[in-house]
Novice: 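For reference, the structure I am asking about is given below.
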Amino acid sequence: MLDNRPYWNMEIETFFNTPQMKKLQLYKLKVMLHRLYENAPFHKKRFDEVNLNIDKIKSLEDFFRTVPVYDKQEYRKHADACGGDLIKLMDNEMPISVDDLVLINSTTGTSGEPTPYPLAPKDIYGVWGEVVAGRGAWRAGLRKKDRLLFCFALSMVIAGTGSLIPFQKIGTTVIPVGAESGTDRMLQMAKAFQPTAFMGTPSLASYLLEKGSQMDLNYVFLGGEPGAGVFEIRNKLEKGFNAKVFDCGAGYGFSCDHPTYQGMHWLADDLCIYELVDPKTRETIPLEDGARGEAVFTNIEGDGWVWVRTSLGDIHEVTMSPCPCGKTGFRYKIVGRTDDMLKVKGVIVYPTAIEGLLENFTPEVSGAFRIVLTEKPPLVNPPLKIKVERGKDFPEEKLNILEDKLLSAFHTKLKIRPSIIWQKPGELERSTYKGAKFEKLYKE
Ligand SMILES: [Zn+2]
């Protein structure tokens, strides 16, 4: 296969978002639903409860209308019904046996309890790995000659090791460090093995720069948080690492190298059906330019990791018209999460937006911040309290002037007037996992 071909999978990626693809999706959906009905008692029950007749499904919309969304609450109910036995839970939800799994990744979620991502070889190489370590990374330019410093947490994130293994597809050399190792170890490994690419969270990448990283990279692959889509963060990382910055995840997507961030291209039409729903009514929202809603996924390929109208709680905005980069796949941006959305006097605010605004003020501020919540979100009794760290060379006596500028930016850009609680440089704890955005002072 040619090293300069535009797509990793020339046969499939050229057919994204076409009527033929929709036909293929419907066909594959029915095959998957039959597999689940016969082998996954949890889904059999779910389908029976709504009298789903798989053979009578005439369109994707028929399926959307009939089967309810599976979200965190549904997961919790099922976990409780299994008495907390997650092996039983997986066995109930998968079309294969737990004996066929080769890897279990997990997220910790907000509750601190693990949520499993069970993976069989097909899931690692044919689905998740095909998208991230094949289609997405190939478009970005990653090749066999590259060395990838892998700094996602190895187990406690959605894909972890499951993202590391499939880079064998391209033949890239992976150097696993893992967020667990801490930044000193990462910088040491980087010095020793001279990576050309980095993979990890945006907050970790920023922190490595703060710690004096000398890495000269070609590619920075980000995920786990929506920071790569924030102009200021992307700009800082591009300059700091002398690299192109991409983000991936929150579904099967990967951003492109257009100079202006275009969102992530959805790279999995043949593997997973993408849908937007109203977060309240759960009604399907038609996919058209500018449509916003809660993203819902249904895998039509896969063995262990099979989502069936599953929501991860992310709010997306889609653009269906062709991307100026010229590559296939519609685009989605993460606008926020259903569970970190805040409402201040009727104005909806996501922490990502605050992060982006503060990045605009670096180096006067460090970029680190915490939203102090005194009551359970989303409703916030104004003013919204935000702890903001001043930059390491910014004089304390000039904070008044800076605060005025900040407040005016908050008012124009986000339509809120927060109360700023100033912190000394380095006072806020840095996280190597996901940037913790909230300080919760209320009882759950
Ligand atoms: Zn593009």
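In each ligand, atom 1 is the first atom listed, and ligand 1 is the first ligand listed. Positions are given from 1 along the sequence.
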Novice: Could D3 and K145 be called an ion pair, given the rule that one side-chain N must be under 4.0 Å from one carboxylate O?
Specialist: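 A salt bridge is absent here (no side-chain N lies under 4.0 Å from a carboxylate O).
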Novice: Check for me whether the distance between the ring centres of Y252 and W307 falls short of 6.0 Å.
Specialist: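 Yes, the ring of Y252 comes within the 6.0 Å limit of the ring of W307, centre to centre.
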Novice: Are D123 and Y117 close enough, and set up right, to give a side chain to side chain donor-acceptor pair (under 3.5 Å), and what steps lead you there?
Specialist: CA-CA 10 Å; D123 307 296; Y117 281 83; over 6 Å; no
Novice: With a 4.0 Å cut-off on N to O distance, would you call R139 and D257 a salt bridge?
Specialist: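 Looking at D257 together with R139, the answer is no, because their closest N to O distance does not fall below 4.0 Å.
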Novice: Would you find more than 12 non-hydrogen atoms of other residues, nucleotides or ligands less than 6.0 Å from Q20 atom CD?
Specialist: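 For Q20, atom CD is crowded (more than 12 foreign heavy atoms under 6.0 Å).
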Novice: Distances under 2.8 Å only: what protein N/O/S atoms are near the Zn ion (ligand 1), ordered by chain and residue?
Specialist: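 Less than 2.8 Å away from the Zn ion (ligand 1) sit C256 SG, H265 NE2, C323 SG, C325 SG.
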Novice: Is the number of heavy atoms from other residues, nucleotides or ligands within 6.0 Å of CD (E61) greater than 12?
Specialist: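 Enclosed: over 12 neighbouring heavy atoms sit under 6.0 Å from CD of E61.
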